Amino acid sequence: LTAYLDAKGIEVEKTNDFSILFLFSLGVTNAKWSTLLHHLLGFKKHYDSNLSLTEAIPSIAAYYPGLGLKDLGESMMKHLHQNNVMDLQQKAFAQLPKSDMIPANAYQKLVANEVERIALKQASGRTAATGLVPYPPGIPLVMPGENIGTLEDPFMPYLLALETWDKNFPGFAHDTHGIESEDGVYHLLVIK
C-alpha cells in the first residue's frame, strides 16, 4: 500500500508490515483527507481486481514481471507467514542483548577505527560498533557495545529474516540503521 500511495503522491509518515500512520496538521483541508480516502479505496479496488503492477505501481513493475497487485500482496503475506517474521520480531525485541562494553567505549573504538565491516552472517558473537535499528519499528535492536548474539539468540535470526525479505522483494527493502546492504547482503561494523 505504501508504494502504491507513494506512486500517487501521497506521503506516508510511518509504516510497518501491518500498519500505516498518516499525519495531518491543523490546516489540512477536506480536499486533502478526501484525496487520501479516494486513493485508499482505489487501492482496494485495484487489489481486488489484481491490477497489473505496470499500471498500479510502475516504479517496481520490472522486478515482478507478469504479477498483479494481489499476486504480489499474497506472495508477501506467504513469505511473512512461512518465515515467521512477526514471531522473530517479537522475540528479538522481547530480550535485551548482552552488553560487552558501554556505548561510549564502542564509540571511541569507532572513532579510532578499531572496527571492521563484515557480513551479517559472520557477525555471530561479535560486538556492534554502531546501533542496529530496523525500521519499522524504528526501535534500537542492538546498541553500540552490545553483543549481536548467535543464531540461537533472537537478534541475528530477525536481522537475517529482514535480509531475506529485502532480497525477495526489491523495492520494499527495510531501512535498518547500522546495516548497509550490498548486492542483497547485509553488512555492519563490529569492534575488532
Side-chain angles (χ1 to χ4, degrees), residues 1-3 6 11-21 23 59-60 62-64 72 75-192:
L1 177 61
T2 304
D6 186 52
E11 186 176 331
V12 177
E13 186 64 30
K14 304 279 185 203
T15 182
N16 68 27
D17 296 326
F18 295 102
S19 65
I20 298 174
L21 174 65
L23 297 178
S59 62
I60 62 158
Y63 297 123
Y64 309 96
L72 178 60
S75 69
M76 289 174 151
M77 288 303 297
K78 182 178 178 182
H79 176 89
L80 288 171
H81 179 71
Q82 287 178 338
N83 293 282
N84 297 317
V85 176
M86 297 311 294
D87 186 47
L88 291 172
Q89 181 186 53
Q90 181 182 10
K91 288 177 181 175
F93 284 101
Q95 181 177 326
L96 294 175
K98 176 183 166 268
S99 179
D100 292 338
M101 64 181 67
I102 63 172
N105 291 349
Y107 177 72
Q108 291 301 317
K109 300 251 185 214
L110 179 66
V111 170
N113 199 29
E114 295 176 22
V115 297
E116 60 182 318
R117 184 176 182 266
I118 62 172
L120 176 61
K121 289 181 180 178
Q122 301 168 336
S124 183
R126 301 297 297 270
T127 303
T130 62
L132 303 178
V133 186
Y135 183 82
I139 300 167
L141 180 66
V142 177
M143 293 295 292
E146 292 181 334
N147 195 291
I148 297 160
T150 67
L151 288 176
E152 287 74 42
D153 296 309
F155 316 110
M156 282 197 55
Y158 176 58
L159 290 170
L160 289 167
L162 296 182
E163 180 183 55
T164 300
W165 170 274
D166 293 357
K167 285 179 188 174
N168 289 326
F169 297 103
F172 296 95
H174 291 84
D175 177 19
T176 304
H177 298 239
I179 297 281
E180 293 179 14
S181 183
E182 186 176 301
D183 297 325
V185 177
Y186 276 12
H187 292 84
L188 67 153
L189 293 175
V190 295
I191 305 295
K192 285 185 182 176

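Because the structure is a prediction, the values reported are computed rather than measured.
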So, taking the atom named [atom1] in [X] and the one named [atom2] in [Y], what distance separates them when rounded to the nearest 0.5 Å?
X      : Y      : atom1 : atom2 : result
Asp175 : Tyr135 : CG    : OH    : 8.5 Å
Lys109 : Asn105 : NZ    : CG    : 7.5 Å
Leu162 : Ile179 : CG    : CD1   : 9.0 Å
His174 : Trp165 : NE2   : CH2   : 6.5 Å
Lys192 : Ile118 : NZ    : CD1   : 12.0 Å
Gln90  : Asn84  : CD    : CG    : 11.5 Å

Minimum heavy-atom separation for [X] and [Y], please, with both atom names.
X      : Y      : answer
Leu188 : Ala123 : CD2-CB, 4.1 Å
Val115 : Ala129 : CG1-CB, 3.5 Å
Ile60  : Gly171 : CG2-CA, 4.1 Å
Tyr186 : Leu159 : CE2-O, 3.6 Å
Ala128 : Ala106 : O-CB, 4.3 Å

Side-chain touch [X]/[Y], heavy atoms, less than 4.5 angstrom:
X      : Y      : answer
Pro154 : Phe93  : no
Val190 : Glu116 : yes
Gln108 : Met101 : no
Asn147 : Pro97  : no

### Message
Using a 6.0 Å cut-off, check whether atom CD of Glu114 has over 12 heavy atoms from anything other than its own residue.
### Response
yes

### Task
Under the side chain to side chain donor-acceptor pair (under 3.5 Å) rule, collect the residues that match up with Lys167, sequence neighbours excluded.
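Side chain to side chain donor-acceptor pair (under 3.5 Å) list for Lys167, sorted by chain: empty.
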
### side chain to side chain donor-acceptor pair (under 3.5 Å) partners for Glu163, two or more places apart
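Listed in chain order: nothing, the list is empty.
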
### Query
Is Arg117 salt-bridged to Glu182, going by a charged N under 4.0 Å from an acidic O?
yes

#### Entry: Partner residues of Lys121 under the salt bridge (charged side-chain N to carboxylate O under 4.0 Å, His left out) criterion, sequence neighbours left out
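Once residues adjacent in sequence are excluded, Lys121 has no partner under the salt bridge (charged side-chain N to carboxylate O under 4.0 Å, His left out) criterion.
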
#### Entry: Glu146/Thr127 under side-chain contact (heavy atoms from CB on, under 4.5 Å): CA gap, chis, key distance, verdict
CA-CA 5 Å; Glu146 292 181 334; Thr127 303; over 6 Å; no

### Query
Is it true that Phe169 and His79 have ring centroids separated by less than 6.0 Å?
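Ring centres of His79 and Phe169 closer than 6.0 Å.
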
### Query
Are Leu141 and Val133 close enough, and set up right, to give a side-chain contact (heavy atoms from CB on, under 4.5 Å), and what steps lead you there?
CA-CA 6 Å; Leu141 180 66; Val133 186; over 6 Å; no

